[in-house]
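The structure appears right after this line, and notes come after that.
Scope of the values below: all heavy atoms of this structure, side chains included, with no hydrogens, waters or symmetry mates. Fair warning: this is a prediction, and the values are worked out from it, not measured in the lab. A, B, ... follow the sequence lines: proteins, then strands. Residue 1 opens every chain.
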Amino acid sequence: MANPKSDFLRIVTERGFVHQCTDADGIDAETAKGPMPAYIGFDATATSLHAGSLLPIMLLRWLQKTGNKPIVLMGGGTTRVGDPSGKDESRKLLTDEQIADNIAGIKRVFAKFLTFGDGPTDAVMVNNDDWLRGLNYIDFLRDIGRHFTINRMLSFDSVKLRLDREQPLTFLEFNYMILQAYDFMELNKRVGCKMQMGGSDQWGNIVNGIELTRRVSGNEVFGLTVPLLTTSGGAKMGKTASGAIWLDGDQLSPYDYWQFWRNTDDADVGRFLRLFTDMDIAEIAKLEALEGSEINEAKKILAHEATSLLHGAAAAEAAAETARKTFDAGQIANDLPTVEIPRGDLEAGIGILDILNRAGLAASNGEARRLIKNGGARLNDEKIASDSMTVTLSDLMDEGVIKLSSGKKRHILVRPA
RNA sequence: GGAGGGAUGCCCGAGUGGUUAAAGGGGACGGGCUGUAAACCCGUUGGCUUAGCCUACGUUGGUUCGAAUCCAACUCCCUCCA
């Protein structure tokens with residue numbers, strides 16, 4: 001829409017969060033009027049979220065910052081069934097206890113981005129297990145199932161594409177969209193939730209929830225989706241050499257998180273600044289316009305802002321300083337990711353292949369050997385020439401550490417313990 | 001229920017008795033260029049105690065000096081017919 005009256009719609013639109021939405025005027029009016037409760041659903045399949053979830057999290061953040069009420073829906077109930085969307089191996093079913101742990105871990109992440117509480121614009125976290133677990137199949141069919149026609153369900157892309165490609169679609173999966181629609185209806189009933197947001201692949205499910213809510217209660221509710229995020233290189237967002245970009249300091253250090261953002265493609269810098277930081281849009285436009293190597297400054301700012309949001313400004317500063325020492329000054333930064341190795345092992349001497357493995361720079365001796373052969377392995381910044389060398393206490397530098405590197409970017413400090 | 005097609009390394013995909021740890025592509029990792037970009041070029045890409053050994057072409061057996069390759073049974077997937 002041309003000129004949104006509400007802060008919410010104006011901001012998320014100009015920042016590039018909106019892929020598509022239902023009735024923009026309606027959303028605009030509702031969010032302009034006062035606290036509108038809106039929700040996004042998240043899986044509870046892991047103990048932490050990763051960067052792929054950041055986009056919807058930021059959307060909730062803006063929702064709250066513009067005076068509305070974010071609802072975080074944990075898919076505890078649907079996780080209990082097992083998410084069928086994967087292709088081959090069926091998901092290992094999680095125990096209730098694991099799911100509870102996962103939800104607790106995930107909530108810690110949300111607490112960094114949202115303010116939780118009981119106030120009108122405070123975020124709340126709910127679990128669809130609360131209403132899904134007790135469902136009675138026959139009642140559900142009579143009350144909810146009658147609002148869905150197979151004809152229509154078959155027309156949704158998520159279903160149609162599968163059928164067109166002649167891929168199997170289980171009944172469970174076919175029902176998934178109904179459960180999700182039910183979630184929306186239930187949230188509308190319980191807490192007056194008026195909008196569901198989610199990834200663009202959720203559009204069909206969201207629309208179903210809107211229709212179900214209208215049919216059952218007559219209430220008008222809305223939907224909004226965020227774009228599917230890929231880097232301009234076409235890669236899926238949130239992966240790196242060492243694995244997923246976890247939003248949890250124990251699984252991915254603030255330094256590595258900072259590095260992830262620092263290594264953003266030139267072409268993505270402006271887009272990412274708008275999506276993943278709170279920075280002023282005009283300021284971003286200036287940074288985005290930087291040419292050539294100057295864009296590196298914009299990347300550092302992106303890394304700083306994004307890391308500050310998740311890990312705090314102090315951690316972001318420390319990460320920046322570590323990176324500066326490591327890359328610009330050629331010094332040993334003391335808080336690079338560290339691996340501890342028993343002093344006794346070092347006294348006895350550890351084979352270089354072994355220590356590369358232990359530092360997590362290689363997944364097997366073969367990989368370590370390859371790394372050395374290709375000239376990518378370094379010990380205290382000296383190229384490792386032989387795969388038969390031994391690392392001992394005498395390799396400790398003045399700082400009391402041994403620095404191991406794979407390539408130019410991955411550095412690990414080994415500390416005797 | 002009947003007829004036919006298929007299952008190969010992280011993914012896609014070639015290979016129909018030995019020179020096959022298995023073409024090619026993608027991805028990933030390393031090197032070069034550079035700006036800790038992109039694009040491009042080069043290399044590597046099952047494991048190990050590495051001139052050797054082990055594991056691997058859906059599963060289990062069989063034929064053979066030798067099998068991803070031939071045979072049998074089984075599992076799963078797909079197509080057509082009913």
When the [atom1] atoms of [N] and [M] are considered, how many whole Å apart are they?
| N | M | atom1 | result |
| --- | --- | --- | --- |
| rA28(B) | rA37(B) | P | 15 Å |
| rC42(B) | rG24(B) | P | 14 Å |
| rC57(B) | rG31(B) | P | 34 Å |
| rA22(B) | rG15(B) | C1' | 8 Å |
| rU55(B) | rU60(B) | P | 13 Å |
| rG13(B) | rG61(B) | C1' | 29 Å |
| rC77(B) | rC29(B) | P | 35 Å |
| rG18(B) | rC81(B) | P | 39 Å |

When we call it a touch if two heavy atoms are under 4.0 Å apart, what does [X] touch: a base, just sugar-phosphate, or nothing?
| X | result |
| --- | --- |
| N365(A) | sugar-phosphate |
| T326(A) | nothing |
| R370(A) | sugar-phosphate |
| A323(A) | base |

*Between T264(A) and G375(A), which has a closest nucleotide on RNA chain B that is more 5'?*
G375(A)
*asked:* Heavy-atom nearest nucleotide on RNA chain B for E294(A) versus N374(A): which residue maps closer to 5'?
replied: N374(A)
*Assess whether salt bridge (charged side-chain N to carboxylate O under 4.0 Å, His left out) is satisfied between E288(A) and R274(A), documenting all intermediate values.*
CA-CA 10 Å; E288(A) 192 177 20; R274(A) 272 186 287 273; 3.0 Å; yes
Which base, if any, makes a Watson-Crick or G-U wobble pair with [N], both distances under 3.5 Å?
| N | answer |
| --- | --- |
| rC65(B) | rG18(B) |
| rC10(B) | rG26(B) |
| rA56(B) | none |
| rC80(B) | rG2(B) |
| rG35(B) | none |

Would you please say whether a donor-acceptor pair under 3.5 Å links the side chains of [X] and [Y]?
| X | Y | result |
| --- | --- | --- |
| N357(A) | N365(A) | yes |
| N296(A) | S293(A) | no |
| N68(A) | T31(A) | no |
| Q196(A) | Q202(A) | no |

Separation of atom [atom1] in [X] from atom [atom2] in [N], rounded to whole Å:
| X | N | atom1 | atom2 | answer |
| --- | --- | --- | --- | --- |
| K299(A) | rU34(B) | NZ | P | 16 Å |
| F260(A) | rA37(B) | CZ | C1' | 14 Å |
| D387(A) | rU50(B) | CG | P | 9 Å |
| L353(A) | rU50(B) | CG | C1' | 11 Å |
| F272(A) | rA37(B) | CZ | C1' | 13 Å |
| K373(A) | rG30(B) | NZ | C1' | 11 Å |
| K409(A) | rC29(B) | NZ | P | 9 Å |
| E367(A) | rC10(B) | CD | C1' | 12 Å |

*Between the base of rG35(B) and the side chain of D266(A), is there any donor-acceptor pair under 3.5 Å?*
yes
_With a 3.5 Å cut-off and heavy atoms only, can you find an N or O donor on one side and an acceptor on the other between the side chain of K300(A) and the base of rU36(B)?_
no
Measure from the side-chain heavy atoms of [X] and tell me the nearest of [options].
| X | options | value |
| --- | --- | --- |
| R369(A) | rU50(B), rU36(B), rG30(B) | rU50(B) |
| S364(A) | rU36(B), rG32(B), rG47(B) | rG47(B) |
| I295(A) | rG31(B), rG35(B), rU34(B) | rG35(B) |
| R378(A) | rG30(B), rU36(B), rG31(B) | rG31(B) |

*Would you please classify the geometry between the F276(A) ring and the W261(A) ring as parallel, tilted or perpendicular, with 30° and 60° separating the classes?*
tilted
*Think K107(A) forms a cation-pi with F116(A), using NZ or CZ under 6.0 Å from the six-ring centre and within 45 degrees of its axis?*
yes
